[in-house]
Amino acid sequence: SIASDTVPAAIGMIAEYLEKKLPKIPKTKLFKFPEDLSKELEKDQPDVIGFSSYMWNTSLSDMFMKRIKEVYPKIITVAGGPNFSSVEDEQHEYLKQRPWIDYYIVKEGEHAFYRLVSELIKKSGIEVTSNLPNLVFINNGNFYHHKKIERIMDLTEIPSPYLSGKLDNFMDGKLLPIIQTNRGCPFTCTFCTEGQSHWTKVKAKSGEVVKGEISYISKKMNSLETSKRRTDFYIADSNFGMYMEDLNTCKALAKEQEKTGYPKYISVTTGKNKQDRILEAAKIVNGTMKITGSVQSLDSEIMENVGRKNISSTQIVDMALKSSEIGAQTFSEVILGLPGDTIKKHFSTLKILVDSAFTSIAMYQLMILPGTELGSKTSKEKYKMKTKFRVVPRCYGTYEILGKKISVAEIEEVCVANSTLSFEDYLECRKMNLVIQIFFNDGVFEEILFLLRKLDISVWDWLKKIYENSKKSHFEKFNKLLQDFLDDSKKELWTSYENLKKFTYKSDNIKKFIKGERGSNLIFKYKSRSYTLDLENISDIAIFTTKQILVERLENKSDLSEFVEDLINYKKCQVQGIFEGMPSIKRKFKFDIPKFITMKDSITKSISLEKFKYKSDIILNFKLSEFQIEQMKFYKNIFGVTLEGISRTLSRVYVKKFFRSIQTEHAMDRLDFIDNNSRRLTGELESI
């Protein structure tokens, strides 16, 4: 599958800027896929070749540059991107270990790359002066690091690679169209590469260019066959919706949606402040944009430790409530293992988010990113961080580069313990993260969540009880799901970076990653397993725990067993086999769950559940639409049909859009309810 499945717009902007500044230069060529670059190098060798460096491609770029230098030592190699330390000594050491890199460009690439190429043309070779901005290199054993790090203050200087047609080759429906409407971030989070003062000022792109790109991309996507057409769209801004210009971007998107139906899903990271404006942006695009509430932690000490003092967590949580009122999807982000974190603090943050109105929570481990303050040796020592290394999910393969087969994988460093969080507690937090991912996120059990909330029962308490019940012997199969997850979580961690790197150089080991035996995104892998192989097991513990908590919390011990079973079995019929393309499922029900779902938001204290009881059992037929089947085929073609492939699909789409809808076998039965004087559900049930 394609690890980073976005159109390469960033290198497109570098190429456009270079050609604008040096119009006489031979045309640049862009490459996304390793195989395409390998073929091109065999028939045509460039004077200068540049490689981007992100956490998902740094090692692959290294292997290409190393092999290029072995075969064509005169080709000048340039690397650039955020996956690079900000500390001089660490930069020097990095380049010493990689003699195949001639130059490294830090921070923004467009202007710095143009200046470098311009200098290379003048010097007719690799010798350049050390006063070029954003440039780091070693020459004749001497390390050069220019102190001046420049930014482009006017983004209109960069021509659009979309509007020029330079990205047309990548607009075939395999890759996700991505644009950037502004650069920079006003926040100073120490775990983020944009948390440095260099990026504090936010610079916007021309609104007319943004509108033009949206229209161009929409036209390209709609020109493709339905089965090959992507319906999603990515905005790469760090805080989308915080600025007035963002509302204009949303208006342009809404215009295309009305005109062509594209895009159906908009992936963004919304801002940490200016919540009213963000909500307005979500309204404009008709709820196709998820609103993010990136709290990372709601503990004041942790927030201070990571430099998030200018972000209001209260506003973020309040925004979720307002978002639910307009029907917008919301998700929050939490990072496990931040300085000062504990199992109690992590659970407390999760509790607040679950019991607010967020529709899903993304839970991450703390990645130690080069170029961040938290990635420095000083921070690691200060907070006594215990770090391990693991292969980045999906970022591995065996490639033929200039006649030589090379196996390579990307490796990341993660914090698994610190002075306040033990490794054992880290694993328990991960276990709770998986419970939330399965039972809370994506609305798989939304009807149960609604029922609990109407009865004033904390959804967090229900989730915590599932977490506790998993340890009971009669839920052995569900416990095995969780234990397998924890075992894999431990197996993926390596103490030595060098040993893991050597391990990934062997093609037989890379095959294990490709088969899914190693290196998966575990939280999504086990979520996928829960919705496929373990669907019965998660349904069983959900039914048991729901009945249990209702008996414990309700003063009147009304028997809700049948209704709870119908609610969960209804959802099971919507989900079962959707990834395999199973078109329909039939099941018998005692309660009119579709009516309950339709009316649940308007249910008042005067309505009792007896009005949802059928006179006699009814068979419901759950079916996938043609559009759902086609869309699932599309994602299967991109990501595959293994658990790993399903994991990729789940990480990219709002899975609720793929739930089956129902048709009744006996339509008239839905109108024939039991008499008011028949069996009633009393007590607290009267309140809903």
Side-chain angles (χ1 to χ4, degrees), residues 2-21 27-34 36-37 50-57 61 78-83 105 107-114 151-152 154-185 193-194 199 202-221 223-224 229-240 245-246 249 252-253 256 262-263 265-269 638 652:
I2 304 169
S4 174
D5 64 327
T6 54
V7 171
I11 60 170
M13 288 188 281
I14 293 174
E16 286 290 341
Y17 189 87
L18 181 66
E19 291 177 9
K20 174 186 174 181
K21 292 289 188 178
K27 288 292 181 183
T28 56
K29 295 180 181 179
L30 305 180
F31 297 88
K32 172 76 178 181
F33 302 111
D36 294 340
L37 178 56
F51 288 87
S52 62
S53 180
Y54 294 90
M55 58 176 289
W56 55 80
N57 73 340
S61 293
V78 186
N83 215 43
I105 291 174
K107 303 296 188 287
E108 279 188 333
E110 291 92 355
H111 188 70
F113 188 67
Y114 146 66
R151 279 190 67 184
I152 296 176
D154 183 4
L155 295 185
T156 59
E157 292 182 22
I158 308 172
S160 168
Y162 284 106
L163 300 182
S164 70
K166 191 174 287 293
L167 298 175
D168 281 359
N169 289 341
F170 308 102
M171 302 282 282
D172 59 358
K174 291 180 182 177
L175 299 176
L176 171 60
I178 181 172
I179 67 168
Q180 182 184 52
T181 77
N182 66 51
R183 282 187 191 172
C185 179
T193 55
E194 279 194 322
W199 297 109
V202 178
K203 301 298 178 182
K205 188 189 287 188
S206 161
E208 289 305 311
V209 172
V210 171
K211 289 178 186 177
E213 289 182 332
I214 290 169
S215 178
Y216 189 90
I217 291 168
S218 176
K219 185 177 179 181
K220 284 290 182 182
M221 289 298 103
S223 68
L224 300 172
R229 185 185 305 166
R230 289 201 76 142
T231 58
D232 46 357
F233 182 78
Y234 200 138
I235 300 176
D237 303 7
S238 298
N239 293 282
F240 187 75
E245 295 88 349
D246 299 336
T249 298
L253 285 163
E256 281 302 320
Y262 177 87
Y265 316 106
I266 302 169
S267 296
V268 295
T269 298
I638 294 179
R652 286 293 183 192

Visitor: Does a side-chain heavy-atom distance below 4.5 Å link V7 with Y234?
Guide: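 Side-chain contact under 4.5 Å: no.
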Visitor: Could I get the full list of ring pair (Phe, Tyr, Trp, His ring centres under 6.0 Å) partners for Y54, not counting sequence neighbours?
Guide: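 Once residues adjacent in sequence are excluded, the partners of Y54 under the ring pair (Phe, Tyr, Trp, His ring centres under 6.0 Å) criterion are W56.
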Visitor: Taking the side chain as every heavy atom from C-beta outward, state whether N182 and F240 have any pair of such atoms under 4.5 Å apart.
Guide: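 SC-SC contact between N182 and F240 ruled out.
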Visitor: How far does CG of L37 sit from NZ of K29, to the nearest 0.5 angstrom?
Guide: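 If we round to the nearest 0.5 Å, L37:CG and K29:NZ are 11.0 Å apart.
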Visitor: Is there a donor-acceptor pair closer than 3.5 Å between any side-chain N or O of D5 and the backbone N or O of L175?
Guide: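 Absent.
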Visitor: Are E16 and S164 close enough, and set up right, to give a side chain to side chain donor-acceptor pair (under 3.5 Å), and what steps lead you there?
Guide: CA-CA 8 Å; E16 286 290 341; S164 70; 2.3 Å; yes
Visitor: Verify side chain to side chain donor-acceptor pair (under 3.5 Å) between T28 and E19, making sure each step is shown before the conclusion.
Guide: CA-CA 8 Å; T28 56; E19 291 177 9; 2.6 Å; yes
Visitor: Name all residues meeting the side-chain contact (heavy atoms from CB on, under 4.5 Å) criterion together with K174; count only those two or more places apart in sequence or in a different chain, and write none if there are none.
Guide: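 Once residues adjacent in sequence are excluded, the partners of K174 under the side-chain contact (heavy atoms from CB on, under 4.5 Å) criterion are I2, D172.
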Visitor: Taking all atoms of both residues into account, what is the closest heavy-atom pair of I178 and A9, and its distance?
Guide: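 Looking at all heavy atoms of both residues, the shortest contact is O-CB, 3.7 Å.
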Visitor: Tell me, please, which residues at least two apart from F31 pass ring pair (Phe, Tyr, Trp, His ring centres under 6.0 Å).
Guide: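 With sequence neighbours excluded, F31 shows a ring pair (Phe, Tyr, Trp, His ring centres under 6.0 Å) to no residue whatsoever.
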Visitor: Report yes if some heavy atom in the side chain of V78 is under 4.5 Å from a heavy atom in the side chain of F113; otherwise report no.
Guide: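 A side-chain contact exists here, since the closest heavy-atom pair is under 4.5 Å.
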Visitor: Considering residues at least two apart in sequence or located in another chain, which fulfil the side chain to side chain donor-acceptor pair (under 3.5 Å) criterion with T6?
Guide: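 Not a single residue meets the side chain to side chain donor-acceptor pair (under 3.5 Å) criterion with T6.
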Visitor: Are the side chains of I214 and T249 in touch, meaning some heavy atoms are under 4.5 Å apart?
Guide: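 Counting from C-beta outward, I214 and T249 do come under 4.5 Å.
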Visitor: Quick check: closest heavy atoms across A15 and L30, and the distance to 0.1 Å?
Guide: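 Heavy atoms only, the tightest pair is CB-CD2, 3.8 Å.
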Visitor: Using side chain to side chain contact (heavy atoms under 4.5 Å, CB included), reason through E213 and K205 one step at a time and then give a plain yes or no.
Guide: CA-CA 11 Å; E213 289 182 332; K205 188 189 287 188; 3.3 Å; yes
Visitor: For the backbone of S4 and the side chain of K32, can you confirm whether one donor and one acceptor N or O come within less than 3.5 Å of each other?
Guide: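 Judged by distance alone, yes, a pair lies under 3.5 Å.
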Visitor: Is there a side chain to side chain donor-acceptor pair (under 3.5 Å) between Y216 and D168? Walk through the geometry before answering.
Guide: CA-CA 10 Å; Y216 189 90; D168 281 359; 2.7 Å; yes
Visitor: Starting at CG of L176, measure out to CE of M221 and round the result to the nearest 0.5 Å.
Guide: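 Output value for this atom pair is 9.0 Å.
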Visitor: Do V209 and T156 pass the side chain to side chain contact (heavy atoms under 4.5 Å, CB included) test, and can you show the C-alpha distance, the side-chain angles, and the key distance before you say yes or no?
Guide: CA-CA 8 Å; V209 172; T156 59; 6.0 Å; no
Visitor: Should the pair K20-E157 be classified as a salt bridge under the 4.0 Å nitrogen-to-oxygen rule?
Guide: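 A salt bridge is absent here (no side-chain N lies under 4.0 Å from a carboxylate O).
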Visitor: Step by step, work out the side chain to side chain contact (heavy atoms under 4.5 Å, CB included) result for I235 and D246.
Guide: CA-CA 10 Å; I235 300 176; D246 299 336; over 6 Å; no
Visitor: Rounded to the nearest 0.5 Å, what separation is found between the NZ atom of K166 and the CD1 atom of I11?
Guide: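 Rounded to the nearest 0.5 Å, the NZ-CD1 separation comes out at 10.0 Å.
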Visitor: Any donor and acceptor pair, going by atom type alone, linking the side chain of N57 with main-chain N or O of S52 inside 3.5 Å?
Guide: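 Side chain of N57 to backbone of S52: a pair is present.
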Visitor: Going by side chain to side chain donor-acceptor pair (under 3.5 Å), name the residues that satisfy it together with K211, two or more places apart in sequence or in a different chain.
Guide: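 Expected list: none.
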Visitor: To the closest 0.5 Å, what do you measure between CD (E194) and SG (C185)?
Guide: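 The SG atom of C185 is 5.5 Å from CD of E194, to the nearest 0.5 Å.
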Visitor: Mind running side chain to side chain contact (heavy atoms under 4.5 Å, CB included) on K203 and I152 for me, showing each step along the way?
Guide: CA-CA 9 Å; K203 301 298 178 182; I152 296 176; over 6 Å; no
Visitor: Under the side chain to side chain donor-acceptor pair (under 3.5 Å) test, which residues partner R183, sequence neighbours left out?
Guide: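 Expected list: E108, E110, Q180.
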Visitor: So how far is it from L163 CG to I217 CD1, rounded to the nearest 0.5 Å?
Guide: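 Taking CG in L163 and CD1 in I217, the distance rounds to 8.5 Å.
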Visitor: Using only atom types and a distance under 3.5 Å, with no angle test, would you say the side chain of Y262 pairs donor to acceptor with the backbone of D232?
Guide: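 Yes, the answer is positive, given that a donor and an acceptor are paired below the 3.5 Å cut-off.
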Visitor: About how many Å separate OG of S206 and CG of D154, when rounded to the nearest 0.5 Å?
Guide: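 The distance works out to 9.0 Å.
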